[in-house]
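Structure first, commentary second.
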Amino acid sequence: MRFDGLAVLRHYLQVLAFCLAISALQYFFLPARPYEVPMVYSVSIGTVTWAIIEFGRHLVDPHSSTGWPRGWRGLLLTAGAMAVGYVVGMSVADAWFGWSSWRGMSVREQRASWLISLVAGAVISYYFYSRGHSAELARRADQAQREAAEARLKLLEVQLEPHMLFNTLANLRILIATDPARAETMLDHLVAYLRATLGGSRVAWHALADEFARLDDYLALMAVRMGERLHYTLELPAALREVPVPPLLLQPLVENSIRHGLEPQVDGGRIQVSASTERHGPQTWMRIEVRDSGVGMAPGALESAAPGQGFGTRQVRERLLTAYGAGSTIELVANSQGGTLATLRFPLKNPPPPSA
Amino acid sequence: MNTPTALIAEDEPLLARALATELHRAWPALQLLPTVGDGASAVREALARRPDVLFLDIRMPGMDGLAAAAALAEDWPGDAPFPALVFATAYDQYAVQAFEAQAVDYLLKPVQPARLQKTVERVQAALARRSPATDSTFEQLRSLLNALPGSAASHTTAATPLRLIPASEAGSNGAVVRMVPIAEVLAFEAADKYLRVLTTGREYLIRTPLKELLPQLDMQQFWQIHRGTVVRADAVETVERDDSGRLLLRLRGLTERFGVSRLYAHLFRAL
């Protein structure tokens, strides 16, 4: 529980302004009484009610994120504060003027006074409640946006890792002198890779054939760098070429295979990416495999992943869930011949004809 | 001085070839040994061929360039001058700062001919005033080693040091696992894929690499004396120097003797 003095003052000033407005309204309809009378009553009832709510809300529900107690506790606090505020506030004002409203007022006058306090209290309480609520909503939306931006930035950082870029450029520089034709091919792959990475988020879907072409760009760049240490194959049946997937969905898996599988291994190895379909009952499932012959996962590598590690896989899992809903899965297993096998499965909406 | 020799350790074949070509242009007299592509080969080849200059890529498969330099320093014979080290990296800024003081030079990839010329001049100057590896060489390498993440000196003892180690009995093929109290352990020694856990009269094996075990040990009790050996300081009985100047430790309760690498020899200098 913490008190922000400035916020408390701000709330109280708002309540005061509201009380003055109410009393001005009463004076307007009952000009016979001096303005001082409704003003003192209004201010003293308002002050007591406000103080009970302002300081009581932290006791009633200290964990509420809107600043307003949740559910029935909020209603109870408001109702209680208004009742106590009315009785105490009236008594204080009575003391100020040196008379007693309880004896002097007719039943009709008492009812009117009750009603004014009730309506005024409800209005200002609702005002504070909805302000707290919308501020909380704005804060949440803001946070969600910030998290999304952070995730995107992190992804970019991984994909445009400076080490990878500079090494690629170093290789390119050499090829320009020694093998211009190969340099040109390499540059084309680099341009396509950069274009996909930098602009990847602008389209929500692209064809699986495009996805495989981007993987080929990345792997071709890595193959120039790693030479004999990297061999790769991409297998995409013609019938599945047009299946829509979120762009660069598979990229982190292939990067993991290179970075955590092949790069630490002196002799390098092989990466195989393949797409196929499988039927379970009425539903056809898409199945994409990324298989490497790298050093493999240490036991518990996924669970104990340090920050940065495991980011790629987690990101793929989240994107799968967003794109295809629950039921879509990603599975990482140690390959029987060493290395790692990552398998994605998601339901296929318009399966290709079985002839393919 | 005879023809100077150089060894290049670089895992990317194109970059390795290009560095060799550029080096040949900048320093025609330099004789290049066949290039190696990983840290462990770099150490092996450097020990066998004793080059005057060693170009080490930082990121290499298996053992990285910095670890290779440290491993080389441990096993380097005392009578030969230590090679001049030049590190190469595409980006690792922090590494650049860490080893700037210790290496003769570092190169940023892609290597620019003009910059390489400067490196050659620095290496030549370093070779001219070089003498057999001295304590100060190892002093420098030790600080380099300490700058490495995960080194013994770069971490302090974990909040809760390990008290029990589940380890399989040697020879049982993992069938018998015992909870070995850390208080009984005299030494840890790396052996191939395992770590030997030695107690009085018994030997156990664990799979945890020494590097991962170190942060969980109380470094007041256990001293690292070699990149593959950690011993209980209390258990050290004698320290002897053999004919080649190597320090050997004898521990109470063990017949085996343990070699102390040059990098850690300062721990046993008599006060």
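Owing to the predicted nature of the structure, the values given are computational and were not obtained by experimental measurement. All chains are named by letter (A, B, ...) in the order of the sequence lines, taking the proteins before the strands, and each is independently numbered beginning at 1.
- A 6.0 Å sphere centred on CZ of A:Arg241 holds no more than 12 heavy atoms belonging to other residues, nucleotides or ligands.
- For residues 15-24 of chain B, a heavy-atom distance under 4.5 Å to chain A picks out B:Leu15, B:Ala18, B:Glu22, given by residue number.
- With a 4.5 angstrom heavy-atom cutoff, A:Leu175 touches chain B only via side-chain atoms.
- A 6.0 Å sphere centred on CD of A:Glu278 holds more than 12 heavy atoms belonging to other residues, nucleotides or ligands.
- Proximity of B:Pro13 to A:Arg229: side-chain heavy atoms (C-beta onward) are nowhere separated by under 4.5 Å.
- Between the CG atom in A:Asn171 and the CD atom in B:Glu12 there is a gap of 5.0 Å [rounded to 0.5 Å].
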As a quick check of understanding, evaluate salt bridge (Lys or Arg N to Asp or Glu O under 4.0 Å) for A:Arg225 and B:Glu10, giving each step before the final call.
CA-CA 11 Å; A:Arg225 290 182 45 197; B:Glu10 161 69 69; over 6 Å; no
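- The contact between A:Arg173 and chain B is made entirely by side chain atoms (from C-beta outward), counting heavy-atom distances below 4.5 Å.
- The two residues B:Leu14 and A:Ile174 have their closest heavy-atom pair at O-CD1, 3.7 Å.
- Here CE of A:Met226 is found 7.5 Å from CG of B:Asp11. Values are rounded to the nearest 0.5 Å.
- Atom CE of B:Met60 and atom CD of A:Glu263 lie 12.5 Å apart (nearest 0.5 Å).
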